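Not measured: the values here are computed from a predicted model.
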Amino acid sequence: MSTEGLSVEGGTPAAYDDVRLALVGSPNAGKTTLFNALTGLRAKTGNYPGVTVSRYEGVCEVEGRRVVIEDLPGSYSLDPISPDEQVLAQVLDPLETAAQTPQGLLVTLDATTLPRSLRMLAQVLRTGLPVCVVLTFTDELARRQGAVAESALARALGVPVVSVTSGRRSDLIALKELMVRPESWALPALPPPDAPAEVSSWVTSVLSAAGFRLPEIDLRTRRVDAILLHPLWGTLVFFAVMIAFFQVIFTVAAPLQGAIEQFFGWLGTLAGSHISNGVVRSFVADALLGGVGGVLVFLPQIVLLFLMIALLEGTGYMARAAFLMDRVMAKAGLEGRAFVALLSSVACAVPGIMATRTLPSARDRIATMMGAPLMTCSARLPVYVLLIGLVVDPDAGWGPFSAQGAVMFGLYVVGAVSAMAAAWVFSRLGRSRGPLLPFYMEIPPYRIPSARSVALSVIDAAKSFLRKVGKIILGTTVVLWILLNLPTHSLGDLQRAGVDPGDEAAVSAYVLDHSYAASVGHAVEPVFEPLGFDWRINIGVIASLSAREVFVATLGQVASAENPDNPQSALKSMTVADGPRQGEALFTPSVVAALLVFFLFALQCMSTVGAMRRESGSWRWPAIAFGYMFVLAWTMAWCARLAVEALT
């Protein structure tokens, strides 16, 4: 028995001749974890609601037959109030032609919340499609002194019931044996009633017949939540967790980052001593090692960021954070589901924008979409680490707290506040709210996340970062290297300019200053000169539209050209080539502050722009977002430069 996977997102899925099943369940019921276990795929899972906002397909091979499994968005009801719930309703409606109807449904029911879960099951059973119930968290039910008889529950429902406990292969084998023959699944003799009062009676009778005993209140969870969900203490703990979060990024990653820097420095020296051709040597040392290598240095920070996010999600703390932030979201005119979308944007704005599908109000979706790119994403992390390292002493701090970590925490706070402020403004610009729509927030018990799920989350994040380095950043870096080294200059050109052809550093500086890239950078100087940027910074800002990390690669190339042995030292010693600041240090505290603030607010990511286009259905909102964020970034960066200059 083997598994192989295939995933798609959105759109009408391809037709298969084999068995086709759909996974249905409420948020946080273990649906996506089951999907990953069956198909071998790695759809994102988290111990808080609103994770699955797209349709994912996987293929599981059982007894020589392919079983196509579709993971549908989690929902508490089949009455759709948001786009992701509309997807679920379409798939389960046999008369709906926009989606392929599955041959059977795998419905996950959380054993610890069975009374609530059965209400949705009643709606699913009324669709008339074959149903197999997958009972999850039975181990937790037993731990909390609850009980349910699996066979009795199957008899009461009239459909097959399989208990699946995380990590138990025998449960998956039993489920797979059922999956290949959905036509043989028993159907209830009578569909559950539709009227609310009758549904309640049906739920009560099923629970009684199944010998269900409510689990005891988790005293451990209650004691911890008395603090973590407290309006004051919970908020203080939240900020303490976030402060520790960013301290770890600097203190733990610093030795690893230093080792990677030394490794690429050694490679640069090796390349310089073994490559005789000047053009090839420049490409390897500047483009590959200086540019791409300069970005790879920040891999430890990326890994640590996603490790801590995975731990916070897996333990259930993120659900508590969403509950606390619901009050803050209300101040911004939004609801708690918007926090899930904004929280997703800390990793990347693209899934954050996709997560707005869980919002029932079109106005709230647009408002959240307009604010999500302001959340500090992982792509900004290399830029922040590089710039903070230029002006903040790594040894500066207060006891165990480093000044670099404090600055990073401040940037994340400003980004979050700005995102909510932008959402508030756009929510006020929209139409009136209309009737209040229901919002469910389930607080799961604390759980120890599995080492495998955490490891896979971190590995996938690292692979995604490396793919980005290998595709977007490498491609852009090669183009930049060409622009930084063309046009070519003859020996006569160098001599007329007073440059000694034997002085490699002087020749490199002359080529850089007279390159096509320099021409582009000088052309936009009127825009960025008030911020203190020179052409080298300008070309990095323009190139970073493809990916923010390219800014680091651009400076890495320039620094490697000036000092291949120590690019970081080269950045610190760079001076302004011309203008009123000629001869002064380029990366002064005021200029670095302006750069940090610019990248904090600017929408330097075409992938995000594309995601906004897909989710909003037009170019109007992406254009508005790009425009207002650029104006905001430029204005705030100018203010930051003036403020730092006044203080220093």
Less than 4.5 Å apart, any side-chain heavy atom of [X] and any of [Y]?
X: Leu595; Y: Phe587; answer: yes
X: Thr376; Y: Val346; answer: no
X: Leu387; Y: Val391; answer: no
X: Gln557; Y: Leu480; answer: yes
X: Val479; Y: Thr477; answer: no
X: Val592; Y: Ile388; answer: no
X: Leu571; Y: Leu390; answer: yes
X: Val609; Y: Arg613; answer: no

Over all heavy atoms of both residues, which pair between [X] and [Y] is shortest? Give the atoms and the distance, please.
X: Ile302; Y: Ser378; answer: CD1-O, 3.6 Å
X: Gln257; Y: Val297; answer: CG-CG1, 3.1 Å
X: Phe465; Y: Leu299; answer: CD2-CD1, 3.5 Å
X: Gly532; Y: Val591; answer: O-CG2, 3.7 Å
X: Ala349; Y: Cys377; answer: N-CB, 4.4 Å
X: Asn485; Y: Val511; answer: CA-CG1, 3.9 Å

List the residues meeting salt bridge (Lys or Arg N to Asp or Glu O under 4.0 Å) with Asp500, not counting sequence neighbours, and say none if there are none.
none
Run the side-chain hydrogen bond (donor to acceptor under 3.5 Å, both in side chains) test against [X] and tell me which residues pass, sequence neighbours left out.
X: Thr588; result: Ser590
X: Asp534; result: Arg536
X: Asp513; result: none

Any side-chain to backbone donor/acceptor pair from [X] onto [Y]? Under 3.5 Å, distance only.
X: Ser464; Y: Asp460; answer: no
X: Arg281; Y: Ser276; answer: yes
X: Thr356; Y: Ile353; answer: yes

About how many Å separate [atom2] of [Y] and [atom1] of [X], when rounded to the nearest 0.5 Å?
X: Met369; Y: Asp364; atom1: CE; atom2: CG; value: 11.0 Å
X: Leu289; Y: Leu296; atom1: CG; atom2: CG; value: 10.0 Å
X: Leu603; Y: Met370; atom1: CG; atom2: CE; value: 9.0 Å
X: Ile472; Y: Arg467; atom1: CD1; atom2: CZ; value: 11.0 Å
X: Phe551; Y: Leu386; atom1: CZ; atom2: CG; value: 7.0 Å
X: Leu288; Y: Leu267; atom1: CG; atom2: CG; value: 10.5 Å

Candidate pair Arg428 and Trp424, rule side-chain contact (heavy atoms from CB on, under 4.5 Å), full reasoning
CA-CA 6 Å; Arg428 293 299 181 271; Trp424 179 85; 3.2 Å; yes
Over 12 non-hydrogen atoms of neighbours within 6.0 angstrom of CH2 in Trp621
yes
Keeping to residues at least two apart or across chains, list the ring pair (Phe, Tyr, Trp, His ring centres under 6.0 Å) pairs with something in residues 467-495.
Phe283-Trp481, His489-Tyr510
Verify side-chain contact (heavy atoms from CB on, under 4.5 Å) between Leu486 and Thr488, making sure each step is shown before the conclusion.
CA-CA 5 Å; Leu486 292 179; Thr488 57; 3.9 Å; yes
Below 3.5 Å, can you tabulate the donor-acceptor pairs from side chains in residues 401-417 to any protein atom, sequence neighbours excluded?
| from | atom 1 | to | atom 2 | distance (Å) |
| --- | --- | --- | --- | --- |
| Ser402 | OG | Gln247 | OE1 | 3.2 |
| Ser402 | OG | Gly405 | N | 3.0 |
| Gln404 | NE2 | Val392 | O | 3.0 |

Any pair counted as salt bridge (Lys or Arg N to Asp or Glu O under 4.0 Å), so long as it reaches residues 629-648, sequence neighbours left out
Arg641-Glu645
Between Phe599 and Tyr384, does the ring centre distance come in under 6.0 Å?
no
So Phe426 and Tyr628, would you call those rings parallel, tilted or perpendicular, with 30° and 60° as cut-offs?
tilted
Return a table of donor-acceptor pairs under 3.5 angstrom between the side chains of residues 540-549 and protein atoms on other chains or two or more places apart.
| from | atom 1 | to | atom 2 | distance (Å) |
| --- | --- | --- | --- | --- |
| Ser544 | OG | Gly540 | O | 3.4 |
| Ser544 | OG | Val541 | O | 2.6 |
| Ser544 | OG | Gln604 | NE2 | 2.9 |
| Ser546 | OG | Thr476 | OG1 | 3.4 |
| Ser546 | OG | Ala543 | O | 2.8 |
| Arg548 | NH2 | Ala602 | O | 3.4 |
| Glu549 | OE1 | Lys468 | NZ | 3.3 |
| Glu549 | OE2 | Lys468 | NZ | 3.4 |

Apply side-chain contact (heavy atoms from CB on, under 4.5 Å) to the pair Val292 and Phe264, showing each step before the final yes or no.
CA-CA 10 Å; Val292 176; Phe264 279 103; over 6 Å; no
With sequence neighbours left out, what residues match [X] under ring pair (Phe, Tyr, Trp, His ring centres under 6.0 Å)?
X: Phe239; answer: none
X: Phe601; answer: none
X: Phe626; answer: none

Donor-acceptor pairs are to be reported for all side-chain atoms of residues 520-531 against protein atoms at under 3.5 Å, with residues two or more places apart or in another chain.
| from | atom 1 | to | atom 2 | distance (Å) |
| --- | --- | --- | --- | --- |
| His522 | ND1 | Glu525 | OE1 | 3.4 |
| His522 | ND1 | Glu525 | OE2 | 3.1 |

Verify side-chain contact (heavy atoms from CB on, under 4.5 Å) between Leu586 and Thr575, making sure each step is shown before the conclusion.
CA-CA 5 Å; Leu586 174 59; Thr575 58; 5.9 Å; no
